[in-house]
Student: 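One structure, pasted below without further comment.
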Amino acid sequence: QEQLVESGGGLVQPGGSLRLSCTVSGVIFSRVTMYWYRQAPGKSREWVAWIHYGGSTNYRNSVQGRFTISRDNAKNTVYLQMNSLKPEDTAVYYCRVDTGSWGQGTQVIVSS
């Protein structure tokens, strides 16, 4: 069955960087679109970025220019490089595959 495992979250100061990873099994990774979502405390889950299997990407406005989504098909892994982090980026970050399966989430806390 499909399995997604995120890693890379943690506590970082404002202006800092983190790289999240999501390793996927149970799908033909090179043929799927991958998504990153996040859910802040007390808020709904929101889409952050996606990367098509062809390589095109898209970002929500609030992270455009600060976050970069990428993929390594040889490793069945999608990444989210997050730079210039802000306190409002604090959330649990989830990856999702276009078949509908989700990872368990990884916590990101941006605080001084």
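Quick caveat, the model's predicted, so the values are computed rather than measured.
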Student: Is Y93 close to T106 at the side-chain level, that is, under 4.5 Å between some pair of heavy atoms?
Tutor: yes

Student: Please confirm whether the backbone N or O of L20 pairs with a side-chain atom of E6, one donor and one acceptor, at under 3.5 Å?
Tutor: no

Student: Quick one, K75 and F29 - any side-chain contact, counting heavy atoms below 4.5 Å?
Tutor: no

Student: Can you check whether W47's main-chain N or O pairs, donor with acceptor, with R60's side chain at less than 3.5 Å?
Tutor: yes

Student: Do S111 and T90 make a side-chain contact, defined as non-hydrogen atoms from C-beta onward lying under 4.5 Å apart?
Tutor: no

Student: Taking all heavy atoms of K43 and all of Q39, pick out the closest pair and write down the distance.
Tutor: O-NE2, 3.1 Å

Student: Just verifying a value: how many Å separate S62 OG and K86 NZ, rounded to the nearest 0.5 Å?
Tutor: 8.0 Å

Student: Are W102 and W50 connected, step by step, through hydrophobic side chains (Ile, Leu, Val, Met, Phe, Trp, Tyr) whose heavy atoms are closer than 4.5 Å?
Tutor: yes

Student: Any idea which heavy atoms bring L18 and G8 closest together, and the distance?
Tutor: CD2-O, 3.8 Å

Student: Could you check whether any side-chain heavy atom of T68 comes within less than 4.5 Å of a side-chain heavy atom of Y59, counting everything from C-beta outward?
Tutor: yes

Student: Nearest 0.5 Å please: distance from the CG atom of D72 over to the OG atom of S30.
Tutor: 11.5 Å

Student: Does R96 make a cation-pi contact with Y37 (under 6.0 Å, within 45 degrees of the axis)?
Tutor: no

Student: Measure the OG1-CZ distance between T57 and R71 for me, rounded to the nearest 0.5 Å.
Tutor: 11.5 Å

Student: Group every Ile, Leu, Val, Met, Phe, Trp and Tyr by side-chain heavy-atom contacts under 4.5 Å, then state whether I51 and Y35 land in the same group.
Tutor: no

Student: Under 6.0 Å between the ring centres of F67 and W36?
Tutor: no

Student: Over all heavy atoms of both residues, which pair between L4 and C95 is shortest? Give the atoms and the distance, please.
Tutor: CD2-SG, 3.6 Å

Student: Checking side chain to side chain contact (heavy atoms under 4.5 Å, CB included) between L85 and each of V110, V63, I109, which is the one that passes?
Tutor: V110

Student: Kindly determine whether N83 and S17 satisfy side chain to side chain donor-acceptor pair (under 3.5 Å), including the steps that lead there.
Tutor: CA-CA 4 Å; N83 299 328; S17 298; 2.9 Å; yes

Student: Let me know which of T77, V27, L80, V24 forms a side chain to side chain contact (heavy atoms under 4.5 Å, CB included) with M34.
Tutor: V24

Student: Report yes if some heavy atom in the side chain of R66 is under 4.5 Å from a heavy atom in the side chain of M82; otherwise report no.
Tutor: no

Student: I'd like to know if the side chain of D98 and the backbone of T33 have a donor-acceptor N/O pair within less than 3.5 Å.
Tutor: yes

Student: Which atom names give the shortest non-hydrogen contact between S70 and V78, and what distance separates them?
Tutor: O-CG2, 3.2 Å

Student: Transitively linked via ILVMFWY side-chain contacts under 4.5 Å: V92 with V97?
Tutor: no

Student: On a heavy-atom basis, which atom in P14 and which in S112 lie closest, and how many Å separate them?
Tutor: CD-N, 3.7 Å

